[in-house]
Amino acid sequence: METPITVVILAAGLGTRMKSRRAKVLHRAGGRFLVEHVLRTARTLAPPERIFLVVGYQADQVRAAIGTPGAGFIEQTEQKGTGHAVMAAAEALAGLPGLLVILYGDCPLVRPETLAGLVAAQRTSSAAGAILTAVMDDPTGYGRVLRDAAGRVTGVVEQKAAAPEQLAVREANMGLYCYQAAPFWRHIRDLRPDNPAREYYLTDMVEILHRAGHPITAFRIADPREVLGINDRVELAAVDRLLRDRKVRELMLAGVTIEKPETVTIDPDVAIGMDTVVEPFAQLLGATTIGENCRIGACSIVRDSELADEVEVGPFTIIGTSRLESGAQAGPFARLRMENHVAAGAHVGNFVELKKTRLGAGSKAMHLAYLGDADLGPGVNVGAGAITCNYDGSRKHMTRIGAGAFIGSNSTLVAPVEVGEGAYLAAGSVVTDNVPADALAVGRSRQVNKPDWARKRRELGKGRHG
Ligand code: UD1
Ligand code: CA
């Protein structure tokens with residue numbers, strides 16, 4: 001049997017360089033909290049009961065942000081460095097045999113394959129531990145990997161504590177470690193805060209173990225972009241971009257056309273079918289699924305919604321928690337606020353707002369309408385400027401419109417109200433009573449024409465001024 005793995009994720013720090021009131025690991029990149037990314041990757045290595053998060057700053061919020069299946073929590077009440085954070089876990093974890101993998105909560109890019117590579121590097125060597133390193137063009141801020149003349153890793157020196165010749169080293173410690181648990185826990189008590197910051201540096205464990213006769217190996221990866229840490233908001237934006245790029249690439253390789261891919265924002269759980277086109281600056285968020293052969297217009301935002309095949313979303317359209325069936329169209333400039341159901345082939349046109357509304361198959365509301373708490377059957381035509389008055393000041397009420405009804409322009413439907421199948425509402429009607437099927441409802445005063453009124457007025461005006 002393979003040796004069991006325990007994973008510890010350090011997430012207790014404030015993240016001073018973020019200049020934020022929120023814990024660093026609760027900032028988001030690529031559509032998830034930073035710590036969530038790390039946790040997901042950790043789960044590919046160990047079962048939840050073997051994953052521990054060291055929390056401290058805003059511990060409750062960090063705990064709350066962790067979804068199921070969760071992880072164990074260890075409190076680091078004072079933040080005295082990464083080594084100190086692991087020391088806080090010693091009591092709970094030192095008894096667990098096998099391997100100890102330590103990750104930082106501010107390093108969300110790491111892929112399962114990379115982590116597996118680190119563990120394999122430890123397992124296949126006779127070393128007591130493996131640290132993940134990369135050669136960086138500019139390793140400023142990172143710990144530097146020290147090696148002896150024979151190339152053996154002898155230690156890691158932090159930026160702040162490094163001598164000039166050490167600062168010239170371009171091989172950086174990326175902050176992912178796999179140690180044999182037994183020697184690691186035996187020697188952790190040797191950590192000392194003997195550096196300018198007076199912190200317990202986890203990185204000192206490399207030298208401590210090396211000196212105690214437990215060699216440490218380096219697992220060097222080619223591309224440091226895969227394990228960049230986040231310390232400030234510039235790096236947060238850069239990592240967000242990298243995570244978004246990964247998602248967009250994955251979708252493009254699966255047959256989705258994405259125009260100007262660097263401009264779109266697509267959350268990790270979004271699924272999109274083949275031959276769908278996503279136009280520039282679209283945002284597809286949360287648990288959104290989109291079928292095949294759809295078009296998502298430029299600058300549209302779709303959140304937690306389900307779009308079937310052949311759906312067309314025009315530019316500048318905002319859709320939340322709604323379902324659009326095949327061939328439905330929305331926008332440009334439409335807002336499907338929440339819990340709408342647009343059936344097959346229905347159209348929602350420009351400046352139309354829908355809230356908790358069902359639009360039956362083939363129904364159309366093409367211009368300037370508000371439909372809230374409404375149930376429209378199939379084949380209904382809603383004219384420009386029609387609105388449902390769904391709110392009476394204290395409660396919401398339903399409007400029901402039967403199949404094939406025609407809602408004249410600028411109709412005002414005062415809910416609760418029902419319009420029967422095939423009925424007509426005259427333009428400009430204020431409808432307060434139910435309309436029977438196939439009837440015409442005229443809810444407005446009749447037009448009066450006053451012959452010659454305008455001409456007379458003009459002539460009168462001339463007399464006065466001329
Ligand atoms: C650390 C490494 C550095 C490495 C870099 C890679 C140390 C001393 N240095 O530096 O060699 O190149 O990561 O990104 O480890 N944390 C706690 N408790 C604390 C302090 C920090 O839980 O008391 C957590 C933080 O929440 C964070 C992680 O540890 O998620 C790393 O801490 P950070 O201060 O960002 O370390 P770096 O300075 O980036
Ligand atoms: Ca960091």
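For ligands, and for the atoms within them, numbers begin at 1 and follow the listed sequence.
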With heavy atoms and a 4.0 Å threshold, my read on which part of Arg144 contacts ligand 1 is neither
Sub-4.0 Å heavy-atom approach of Gly81 to ligand 1
yes
- Is Asp375 salt-bridged to Arg400, cutoff N-O under 4.0 Å? no
In ligand 1, the atoms that come under 4.0 Å of a heavy atom of Tyr142 are 6 (C), 12 (O), 14 (O)
For Gln76, the atoms of ligand 1 under 4.0 Å from one of its heavy atoms are 17 (C), 18 (N), 19 (C), 22 (O), 23 (O)
Is it true that Arg147 and Glu171 have a side-chain N and a carboxylate O under 4.0 angstrom from each other? yes
Output yes when a side-chain donor or acceptor of Thr133 lies under 3.5 Å from a complementary backbone atom of Asn173, and no otherwise.
no
Next on the checklist: Would Gly229 count as being in polar contact with ligand 1, using the rule that some N or O on each side must be under 3.5 angstrom apart?
Outcome noted: no
When Thr41, Leu34, Val25 are each screened for side chain to side chain contact (heavy atoms under 4.5 Å, CB included) with Pro108, the one that passes is Leu34
**OP:** Give the intermediate values and the outcome of side chain to side chain donor-acceptor pair (under 3.5 Å) for residues Gln283 and Arg303.
**Re:** CA-CA 8 Å; Gln283 296 191 24; Arg303 183 188 294 279; 5.9 Å; no
Test of proximity, Asp106 against ligand 1: N or O pairs below 3.5 Å: yes
Looking only at protein heavy atoms, what sits closest to atom 5 (C) of ligand 1 is Asn173 O, 4.0 Å
* Determine the interplanar angle of the Phe316 and Phe333 rings, folded into 0 to 90°, and report it as parallel if under 30°, tilted if 30 to 60°, perpendicular if over 60°. => parallel
The protein heavy atom nearest to atom 13 (O) of ligand 1 is Tyr104 CE1, 3.1 Å
Salt-bridge criterion met for Asp269 and Arg32 (N-O under 4.0 Å): yes
re atom 16 (N) of ligand 1, the protein heavy-atom contact at minimum distance is Gly13 N, 3.8 Å
Worksheet item: Would you call Arg246-Glu250 a salt bridge at under 4.0 Å N-O?
Response: no
Does the side chain to side chain donor-acceptor pair (under 3.5 Å) test come out yes or no for Asn231 and Lys24, once each step is laid out?
-> CA-CA 8 Å; Asn231 296 315; Lys24 174 163 64 176; 3.2 Å; yes
Note: Lys80, heavy atoms under 4.0 Å from ligand 1, region reported as backbone
(Q) Regarding ligand 1, does Leu10 bring an N or O atom to under 3.5 Å of one of the ligand's N or O atoms? (A) yes
Checking heavy-atom distances from atom 38 (O) of ligand 1 to each of Gln79, Glu78, Lys24, Arg17, the winner is Arg17
Ligand 1 to Ala85, heavy atom cutoff 4.0 Å, flagged ligand atoms 17 (C), 18 (N), 22 (O)
So is there a nitrogen or oxygen of Glu158 less than 3.5 Å from a nitrogen or oxygen in ligand 1? yes
Within 4.0 Å of some non-hydrogen atom of Tyr201, the atoms of ligand 1 are 8 (C)
Taking the non-hydrogen atoms of Ala11, is any one of them nearer than 4.0 angstrom to ligand 1? yes
Query raised in the report: In terms of heavy-atom contacts, does CZ of Arg233 have more than 12 from other residues, nucleotides or ligands at under 6.0 Å?
Result: yes
Rounded to 10°, the OD2/Asp106 to the Ca ion (ligand 2) to OD1/Asn231 angle comes out at 90°
In Lys247, Arg241, Arg249, the residue satisfying salt bridge (charged side-chain N to carboxylate O under 4.0 Å, His left out) with Asp245 is Arg241
Q. Could a heavy atom of Glu235 be found less than 4.0 Å from some atom of ligand 1?
A. no
Checking heavy atoms under 4.0 Å, the part of Glu199 that sits near ligand 1 is neither
Thr82 N/O to ligand 1 N/O under 3.5 Å: yes
I'd like to know if Asp240 and Arg244 make a salt bridge, using a cut-off of under 4.0 Å between side-chain N and carboxylate O. yes
Any heavy atom of Ala12 under 4.0 Å from ligand 1? The part involved is both
Review point. Salt-bridged, Arg63 to Glu75, with N to O below 4.0 Å?
Key: yes
More than 12 foreign heavy atoms under 6.0 Å from CD of Glu262: is that the case here?
yes
Atoms of ligand 1 under 4.0 Å from any heavy atom of Gly143, numbered from 1 in the order shown, are 3 (C), 4 (C), 11 (O), 12 (O)
re atom 39 (O) of ligand 1, the protein heavy-atom contact at minimum distance is Asn231 OD1, 3.5 Å
